[in-house]
Amino acid sequence: MDFNGLADPYVKIHLLPGACKANKLKTRIVRNTLNPTWNENLTYCGITSEDMAKKILRISVCDEDKLSHNEFIGETRVPLRRLKPGERKHFNLCLERQIPLASPSSMSAALRGISCYLKELERCQEWELEERGRILLSLTYSTERGGLVVGIARCAHLAAMDVNGYSDPYVKTYLKPDVEKKSKHKTAVKKKTLNPEFNEEFFYKIGLNELQKRSLEVTVWDYDLGKSNDFIGGVTLSVNAKGECLKHWMECLSSTNQRAEHWHTLTNELPGSTFTD
């Protein structure tokens with residue numbers, strides 16, 4: 001890719017479909033080579049069984065160019081369903097030089113880049129909601145204390161909301177319906193991170209039968225001094241939820257005094273009545 005006949009390659013990976021900036025991981029750059037060796041492990045936190053069935057890992061190789069934009073070398077994609085839990089699997093895959101486009105091959109590199117972006121956007125829009133990261137929650141119904149213990153452990157791969165490429169995240173929880181608006185709990189703010197650790201617990205005094213009629217709303221926000229805070233993503237757990245959210249909620253209700261911990265996908269859907277801070 002460079003005038004010296006070499007390249008300065010690095011690898012980027014994304015999980016598709018999803019918020020590309022929120023789940024991008026990349027290796028270090030290896031200078032002046034066409035045969036780079038990285039030997040790096042890149043780890044995604046909070047991967048669910050649903051992700052393993054539906055998501056695709058996009059692996060892109062790029063060339064760093066300090067004087068202009070980094071250049072695309074090639075890419076390949078691996079469906080996660082090809083993997084088994086606990087299995088380490090090796091792949092030898094060819095990189096596609098460029099994503100096939102319906103547009104003429106004579107078009108400029110800039111236009112090809114825009115076309116690639118629009119095609120990727122179309123694929124992502126096939127899903128109704130945009131992913132904004134992951135959150136690790138624990139739920140325990142304590143018969144001794146007579147209520148629900150909600151643990152906010154950490155978040156991973158959050159969407160960046162600030163111009164510096166980071167966020168200042170915190171988490172809010174509500175137990176709905178909440179007519180008197182007394183159920184809000186809020187964690188501390190973690191500065192300049194997309195992978196915050198909170199390790200905080202909140203308690204709701206409520207009977208088990210009554211809890212079955214409620215829903216737990218968990219939202220993640222970006223703190224902005226002096227102006228409105230930005231919504232990053234949220235998730236709702238209840239008997240009317242689906243997938244991992246329903247599974248987690250039912251596990252809590254059916255196994256009292258046992259701590260149930262699950263990762264959940266944050267989406268850009270703002271649950272009702274959580275606009276106020």
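- The side-chain heavy atoms of Asp162 and Asp222, taken from C-beta on, include a pair separated by under 4.5 Å.
- Here the shortest heavy-atom pairing between Phe198 and Val171 reads CE1-CG2, 3.7 Å.
- For the pair Arg145 and Phe203, the distance from NZ or CZ to the six-membered ring centre is under 6.0 Å and the angle to the ring normal is within 45 degrees.
- No chain of hydrophobic side-chain contacts below 4.5 Å, direct or via other Ile, Leu, Val, Met, Phe, Trp or Tyr residues, connects Leu34 to Val30.
- To the nearest 0.5 Å, atoms CH2 (Trp249) and OG1 (Thr236) are separated by 10.5 Å.
- With hydrogens and angles ignored, the 3.5 Å screen pairs a side-chain donor or acceptor of Ser167 with a backbone N or O of Ala159.
- In this structure, Tyr10 contributes its side chain and Val61 its backbone to no donor-acceptor pair below 3.5 Å.
- Scanning for salt bridge (Lys or Arg N to Asp or Glu O under 4.0 Å) contacts around Arg214 gives Glu210, with sequence neighbours left out.
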Inset, instruction - Report the C-alpha separation of Tyr204 and Thr173 in whole Å, then their side-chain angles, then the decisive distance to 0.1 Å, and conclude whether the side-chain hydrogen bond (donor to acceptor under 3.5 Å, both in side chains) test is met. - result: CA-CA 10 Å; Tyr204 291 102; Thr173 67; 2.8 Å; yes

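- Arg81 and Asp51 are not joined by a salt bridge, as no carboxylate oxygen comes within less than 4.0 angstrom of a charged side-chain nitrogen.
- Two different hydrophobic clusters hold Leu148 and Leu136 under the rule that ILVMFWY side chains link at heavy-atom gaps under 4.5 Å.
- A donor-acceptor pair under 3.5 Å is formed between the side chain of Asp178 and the backbone N or O of Ser183.
- Note: the hydrophobic cluster containing Trp263 does not contain Val218 (ILVMFWY, side chain heavy atoms under 4.5 Å, direct or indirect links).
- Atom CZ of Phe202 sits in a crowded spot, with more than 12 heavy atoms from other residues, nucleotides or ligands closer than 6.0 Å.
- Put simply, the side chain of Ile152 does not reach to within 4.5 Å of the side chain of His185, judged on heavy atoms.
- Within the 3.5 Å criterion, the main-chain N or O of Asp224 finds a donor-acceptor partner in the side chain of Asn229.
- Shown are Leu42, Leu15, Val11; of these, the side chain to side chain contact (heavy atoms under 4.5 Å, CB included) with Leu25 is made only by Leu42.
- Within a 6.0 Å sphere centred on CG of Asn4, other residues, nucleotides and ligands contribute more than 12 heavy atoms.
- Side-chain atoms of Asn195 come within 3.5 Å of backbone N or O of His157 as a donor-acceptor pair.
- Remark: Lys205 NZ to Leu211 CG distance equals 13.0 Å, nearest 0.5 Å.
- When atom types are taken as modelled, the side chain of Arg132 and the backbone of Leu266 share no donor-acceptor pair closer than 3.5 angstrom.
- Side-chain atoms of Lys26 and Glu40, non-hydrogen and from C-beta on, never get closer than 4.5 Å to each other.
- For Leu158 against Pro169, the heavy-atom pair with the smallest separation is CD1-CB, 3.7 Å.
- For the residue pair Gly165 and Leu194, the shortest heavy atom distance occurs at O-CD1, 3.7 Å.
- The shortest non-hydrogen separation linking Asn257 to Glu144 is OD1-N, 4.3 Å.
- With respect to Glu217 and Lys172, no salt bridge is recorded, no charged nitrogen being found less than 4.0 Å from a carboxylate O.
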Inset, instruction - Tell me, with the steps shown, if Leu137 and His264 meet side chain to side chain contact (heavy atoms under 4.5 Å, CB included). - result: CA-CA 8 Å; Leu137 301 175; His264 295 280; 3.8 Å; yes

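- The backbone N or O of Arg82 sits less than 3.5 Å from a side-chain atom of Lys89, completing a donor-acceptor pair.
- Residues Ile13 and Ile29 do not share a hydrophobic cluster, clusters being chains of Ile/Leu/Val/Met/Phe/Trp/Tyr side chains in contact below 4.5 Å.
- In this structure, NE2 in His262 is found 11.0 Å from OG1 in Thr48, a value given to the nearest 0.5 Å.
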Inset, instruction - Could you give me the CA-CA distance, side-chain angles and deciding distance for Ile232 and Met161, then say whether side chain to side chain contact (heavy atoms under 4.5 Å, CB included) is met? - result: CA-CA 7 Å; Ile232 297 177; Met161 307 302 288; 3.6 Å; yes

Legend entry - Working for side chain to side chain contact (heavy atoms under 4.5 Å, CB included), residues Leu208 and Thr256: CA-CA 9 Å; Leu208 184 59; Thr256 58; 3.9 Å; yes

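- In terms of the salt bridge (Lys or Arg N to Asp or Glu O under 4.0 Å) criterion, residue partners of Glu261 (sequence neighbours excluded) are, by chain and number, Arg259.
- Lys184 forms no cation-pi arrangement with Tyr174, by the criterion of a distance under 6.0 Å to the ring centre and an angle within 45° of the ring axis.
- Aromatic ring pairs are classed by plane angle as parallel below 30°, tilted from 30° to 60° and perpendicular above 60°; the pair Tyr170 and Trp221 is parallel.
- Residues Val220 and Leu139 share a hydrophobic cluster, clusters being chains of Ile/Leu/Val/Met/Phe/Trp/Tyr side chains in contact below 4.5 Å.
- For the pair Arg28 and Thr37, the tightest heavy-atom approach, listed with the atom from each and the gap, is NH2-O, 3.4 Å.
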Inset, instruction - Please step through side-chain hydrogen bond (donor to acceptor under 3.5 Å, both in side chains) for the pair Trp38 and Thr27, ending with a clear verdict. - result: CA-CA 7 Å; Trp38 286 282; Thr27 67; 3.2 Å; yes

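- No side-chain heavy atom of Val150 sits under 4.5 Å from any side-chain heavy atom of Ser138.
- Without hydrogens or angle criteria, Ser215 side chain to Leu237 main chain gives no donor-acceptor distance under 3.5 Å.
- Lys190 is not listed as a side-chain neighbour of Asp168, based on a closest heavy-atom distance of 4.5 Å or more.
- Between the Asp8 side chain and the Arg31 main chain, no donor and acceptor come within less than 3.5 Å of each other.
- Note that NZ of Lys12 is 9.0 Å distant from CZ of Phe72, once rounded to the nearest 0.5 Å.
- Ion pairing between a basic and an acidic side chain is recognised when a charged N comes within 4.0 Å of a carboxylate O; Arg58 and Glu75 show such pairing.
- Counting only distance, with no hydrogens or angles, the side chain of Thr140 and the backbone of Ser142 share no donor-acceptor pair below 3.5 Å.
- Residues Pro85 and Met52 form no side-chain contact, since every pair of their non-hydrogen atoms from C-beta on lies 4.5 Å or further apart.
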Inset, instruction - Would you sort out whether Ser238 and Leu216 count as a side chain to side chain contact (heavy atoms under 4.5 Å, CB included), showing the intermediate values? - result: CA-CA 6 Å; Ser238 73; Leu216 179 69; over 6 Å; no

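- Shown here for Ala260 and His248, the closest heavy-atom pair between the two residues is O-NE2, 2.7 Å.
- Residues Leu80 and Ile56 are not in side-chain contact: their nearest non-hydrogen atoms beyond the backbone lie 4.5 Å or more apart.
- Proximity of His69 to Glu71: side-chain heavy atoms (C-beta onward) are nowhere separated by under 4.5 Å.
- A salt bridge is absent between Lys247 and Glu251; no separation between the charged side-chain nitrogens and carboxylate oxygens falls under 4.0 Å.
- Taking CD1 of Ile206 as the start and NZ of Lys213 as the end, the distance is 9.5 Å to the nearest 0.5 Å.
- Between the OH atom of Tyr44 and the CZ atom of Arg134 there is a distance of 10.0 Å, given to the nearest 0.5 Å.
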